[in-house]
Amino acid sequence: MGLKVDQLRICYRTLRGDVTAVDDVTFDIADGEIMGLAGESGCGKSTLGNSLIRMDVRMRQLGGRVELDGAELPISDARAMRDYRFKVVSIIPQYAMSALNPTRRVGKMVSELLRSRGFDYKSALPEFERRVKLVGLDADILKRYPIELSGGMKQRVVMIVSTLLNPSLLIADEITSALDVSTQRAVGEMLLEFRDRNFVKTTMVITHDLSILAQVADTILIMYAGKLAEKARTDVVIGSPLHPYTQLLISSLPEVGVRHDEHTLVGIPGRPPPLLNPPSGCRFRDRCPFAFDRCAADPPFVEVQPGHSVACWLHADGVSPAGGAEQC
Amino acid sequence: MRRYLLRKLLIYILTFFIAATLDWVLPRLVPGNPIQQLLAKIELQPGTYNATYKLYMHSFGFDRPWWDQYLSFWKALFHGNLGISIYDFPKPVTSVIADYVLFTLALLIPAILLAYYAGNKVGAMAARRKSLDNTVLPVGYLLTATAYPWLALLLAFLLAAGGIGHFFPISGGFAYGLLPNWDWAFVWSLMTHWFLPFLTLFLVAFGGWAIGMRNLIIYELESDYTHYLEALGAPSRLVRKYAYRNAMLPQLTGLALQLGVIVGGAIVTEVTFAYPGLGYLIFQAVGNDDYFLLQGIFLFIIVGVLAANFIVDIVYVIVDPRTRVGISGA
């Protein structure tokens, strides 16, 4: 069953107009799958993740549909979503280090949170403590205040709290960004462990760091300027990407065994286009070394091989350029 | 914990020492002296002024060197002796203060506590209801920016002098015709005289607390732990409870800081309403160059403010785990 996202469009209401941060996004994640969602800052990946659990007041759903476990997820209905949060859809937020109330003991906070959602803390406690030990923490952290924990400990506590009710969908938003490399690896292993122990069914790992995805993700979805660029199995995205943006993204990563004083690491020149009144056609056109006349039209996101989709005219043989996307 | 309290206590003792020294120095910098004031009240035979002046200067010890006077000030202080009042000669300062202090305490304690409680509650409500906020914000800013004597005059005009009606007496602590006596007529007279000075102090402080709480709650509701709770579907009841509790901490610090300001406000308010509290007494003491009475009242205020600050310090340790951890050095 898993998660199905169909032609989802999310925009931000701003004083200068609507900014479509997620534009016509379609993908699915199977049960037991960990999908990585990667892209530059501002490409809409966090907006996409947040929209699946909690839209803030500036966000509007312009179209599309989200289905989880065969039933529609009412993402733009804040009241109806409240019931899904934590139980069915959960999030490990970008700000895990400061996600815990500084004046409450960890255990007390969790008990108040569970009770407010109609769960009994006493009966959940053994499982909670078991998971605390599973991630290598001592059970007495429940009696501590957040300031008594290190950054890595807080991160792990938040990961356990978020997954305590075995949600169907877990959104892990930039959870390794503030950690050193060895802790990043440990966090990645926890995500795999949570999946293997069925704590979570489907996982969406949002990051700008492709190396962590190479470790944990089954599939990778690349976003660029609010649109999908490429989606494929992890080994395909890393090994033989088709979209020029993915290719440049991968080549800008350092490789083991390569001396970078001989081969200078190249970045991608230029910046992503503004999302307020974006240019028509392929949004990567201005930075793309392979841009040609067809790129003036919006490239469709098509499956070029089984399980491998890409939005690029170089790989869209037989598809005729359709009209641009309708306005927000 | 014990080390923390001892250190705090030491700081308070040092503060007391400095404040008491200033308290001794400042009245003596005022031109003139209490003996001149005292003798001005008595009719003396011509030619005896100088001799009487000398006699009084000697018996009050004002002819001794300044350091000797300063030392005997501390010596007497440790014996609980604050000297003899010139204004209410020859009553001892302690008993003069005792006559007035209850009025001030009856004014200050309810005004401080009620304004703090109500301001916090109303501020928190304003933070989550836009319609209420549109009223609380401007009214709060207006109240907190108002000068005490000005508001006192306005209230006196409106509610006592017939601007709206003659609901309350305009000045004094109780009606002139009554003798202090615990019967209904006297208690009622006390209450009606108490109300306007109380309302003045309450309103100004209330505005400050309401605005402070509103801003703090809005800040807490934008913090990461709030967003996390909301993402996990916590009901707004729990979110607000956490925000309120965390916003209370800076407000508590504010209370410690505001105590001195409120005491200052009470002084001018009492003068405006001729309310027989310590503020009114200070006014009289200044007019009479009454060193001893001034010293005595200010000592009383210093001790009161320091004690209240010490209580806030202890409460803060109880409610904020972060200070506790800081103390135990974990």
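In the text below, chain A, chain B and the rest are named by the order of the sequence lines, each starting its count at 1. When reading the values below, keep in mind they use all heavy atoms of this one structure, side chains included, and skip hydrogens, waters and symmetry mates.
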Looking at every non-hydrogen atom in both residues, tell me the closest pair between [X] and [Y] and how far apart they are.
X      : Y      : value
B:P235 : A:R117 : CD-CD, 4.5 Å
A:L113 : B:L229 : CD1-CD2, 3.9 Å
A:R85  : B:E230 : CD-O, 3.4 Å
B:Y242 : A:K108 : OH-O, 4.4 Å
A:I53  : B:A231 : CD1-O, 3.3 Å

Please classify the contact of [X] with chain B as side chain, backbone, both or neither, using a heavy-atom distance under 4.5 Å.
X      : value
A:R54  : side chain
A:R105 : side chain
A:M81  : neither

Atom OH of A:Y95: over 12 foreign heavy atoms under 6.0 Å = yes

In terms of heavy-atom pairs under 4.5 Å with chain B, which of A:D83, A:V158, A:D56 leads?
->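 Looking at each of A:D83, A:V158, A:D56 in turn, A:V158 comes out on top.
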
Look up atom NE2 in B:H227 and atom CD in A:Q94, then write down how far apart they are to the nearest 0.5 Å.
-> 11.5 Å

Between CG on residue B:D320 and CD1 on residue A:I147, distance to nearest 0.5 Å | 7.5 Å

If we ignore angles and hydrogens, is there a donor and acceptor under 3.5 Å between the side chains of A:S98 and B:Y228?
-> no

